[in-house]
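Data block below; observations after.
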Protein chains: 2
Amino acid sequence: MSLLTVGTVAFDDIETPFGRAEKIVGGAATYIALAASYYTDQLKIVSVIGDDFPKEELDYMRSRGIDLEGLQVMRGEKSFFWAGRYHDNMNARDTLDTQLNVLAKFDPVLPASYKKSDYLMLGNLTPSIQKQVIDQLESKPKLIALDTMNFWMNTALDELMEVLKMIDVLIINDEEARQLSGQYSLVKAAAAIHKMGPKYLVIKKGEHGALLFEGEHIFFAPALPLAEVFDPTGAGDTFAGGFMGYIASTEDTSFENMKRAVIYGSAMASFCVEKFGIERLKGLTDDEITERITRFVRLVNFDAKL
Amino acid sequence: MSLLTVGTVAFDDIETPFGRAEKIVGGAATYIALAASYYTDQLKIVSVIGDDFPKEELDYMRSRGIDLEGLQVMRGEKSFFWAGRYHDNMNARDTLDTQLNVLAKFDPVLPASYKKSDYLMLGNLTPSIQKQVIDQLESKPKLIALDTMNFWMNTALDELMEVLKMIDVLIINDEEARQLSGQYSLVKAAAAIHKMGPKYLVIKKGEHGALLFEGEHIFFAPALPLAEVFDPTGAGDTFAGGFMGYIASTEDTSFENMKRAVIYGSAMASFCVEKFGIERLKGLTDDEITERITRFVRLVNFDAKL
């Protein structure tokens, strides 16, 4: 089934304790769509870039079955740009530069062929733009997931609360869940956020894994313990892409299947952090992905002997 | 099979965002033995207290099958005392006061009946005292586990390294594993620590769960997501007690059984944090424990459909 992704397609400068990469391809929609492309081939992107974006990168996305009809190219303009530097422990980072460029004028327009998408993944963007996309759909998707961040909680909380009423799955990190709910306990935070609209909540905890909540039901997936974390950029978006890609491919929104989707998303994220940017997400094989899922099974599997 | 526990039996003053408790019973050996008492009744403690320690608390320990022959009582002396205050997020705490009292002169002497214990849990203490206990044993236990802390890494590293060569399981938290190994990645930290002696390593991550390492094998157990964490004091010791108590009761040191022991230890720790001190560890029922283990199974169980 088709998965529509909305989010940035951009350039990043990244500095980690292991090295530095300049003007590499990034952006939420890029990571989401690439990760999802390993599970489903009916992928559509709504985004905006300048004419500085390399054609070969767009060709690569198309080669992975990603439909770019909804990707606007603004002539004479520059693509969105972000620069960041990670701290030694890789758990924190500083933003060094943000240049909105084309994003400042972004007015998402859905091509006719996008308006009946089965699944929708709204990457982190202005809540009003996320809502504009939902408003253009001709039929309600089977599942709408949304990512956001504390910046929008601080600057556009009313718009965010409005769009939260329209979605099914909220995917945010632990700090964001605490800020949005005003609760430190993630169990209490989940209960508060359910009341804002989303039936499902995924709380990403980085190296500490991810939690899936549906009412009283809780599922926990660890992150794979890795010897090397090279670059965490995009890991959260890659998780979301694997999660929604798996659900779209299986057409099953039961809690049991969402648990699997959390594991499949975590597996994609575990690849993402092994190299700079999207590098490791290119050319993965089915065997590599299966091996990674098997590692998750072994990591948490036990016989309780009750 | 018998489990010998060495560690403090003490008083604590505890301040959390939820309240304050003064001069309540604490100490590593207390938590370890109480938690273990739900799995095995052949429990022995080596420790030291002053004559200020309440008789009814000792009677309660005896009623749970804990042999106190090795618990020295120093006449006219005070028991070890610790006071601490937790930060709002409960993940960090400040030590407000430490009074060694009887601990300053502690010279552990094993009663004859203790010298052939099958399992040994060395709670956090001066490494030289931990070694003194091992040296007094007449036969090698089936499994020796040891807890320690960064204070001993800073002040008695040589003695600590010596005792690490004599043990099977090291149980420490993530910060301590990083300090001991000089590695940030816990996978690399585990590899470095294996070389120091312990075949098994348990890394406790508090609210983020625990990892068990044996060579290339890794098992992860989450902490139960709880709505209320009232007082984290003793949670690590309670985990260790449940872990070793379960292993002693099953007489099985296979990796498969140690995985279960990690879950059973985590279940005991999830009770511990619900009330002040040892309060919640008193009078648990089999049904309560089984229900807690079942929650762990549900929390992590998924069908990968590979």
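Values reported hereafter were calculated over all heavy atoms of this structure, with side chains retained and with hydrogens, waters and symmetry mates removed. Quick note on labels: first sequence line is chain A, next is B, and so on, each numbered from 1.
Taking a 6.0 Å sphere around CG of A:Asp94, one finds it holds more than 12 heavy atoms contributed by other residues, nucleotides or ligands. Few gaps surround CZ on A:Arg64; more than 12 heavy atoms of other groups in view lie less than 6.0 Å from it. Annotation for B:Glu291: atom CD counts as buried by contact number, over 12 foreign heavy atoms lying within 6.0 Å. The environment of CG in B:Asn154 is crowded: more than 12 heavy-atom neighbours from other residues, nucleotides or ligands sit within 6.0 Å. Counted within 6.0 Å of CD on A:Glu175, heavy atoms from surrounding residues, nucleotides or ligands total 12 or fewer; the atom is thus considered open. Residue-environment remark: CG (B:Asp286) stays at or below the threshold of 12 foreign heavy atoms within 6.0 Å.
Chain A is approached within less than 4.5 Å, heavy atom to heavy atom, by B:Glu207, B:His208, B:Leu211, B:Ile218, B:Phe219, B:Phe220, B:Pro222, B:Pro225, B:Leu226, B:Ala227 from residues 207-227 of chain B, ordered by number.
Heavy atoms of A:Arg178 lying under 4.5 Å from chain B belong exclusively to its side chain.
In terms of heavy-atom pairs under 4.5 Å with chain B, the best-connected choice from A:Val229, A:Val187, A:Leu299 is A:Leu299.
Side-chain N or O atoms of A:Tyr264 include one that pairs as donor or acceptor with a backbone N or O of B:Ala304 at under 3.5 Å. Side-chain atoms of A:Arg260 come within 3.5 Å of backbone N or O of B:Asp303 as a donor-acceptor pair.
Separating the CG atom in B:Leu306 from the OG1 atom in A:Thr294 is a distance of 5.0 Å, to the nearest 0.5 Å. To the nearest 0.5 angstrom, B:Lys259 atom NZ is 5.0 Å from A:Asn301 atom CG. We find the NZ-CD1 distance between B:Lys305 and A:Ile293 to be 14.0 Å, quoted to the nearest 0.5 Å.
Applying the side chain to side chain contact (heavy atoms under 4.5 Å, CB included) test to A:Lys195 and every residue at least two apart in sequence or in another chain returns nothing.
Within the 4.5 Å cutoff, the side chain of B:Phe302 has heavy atoms near those of the A:Val297 side chain.
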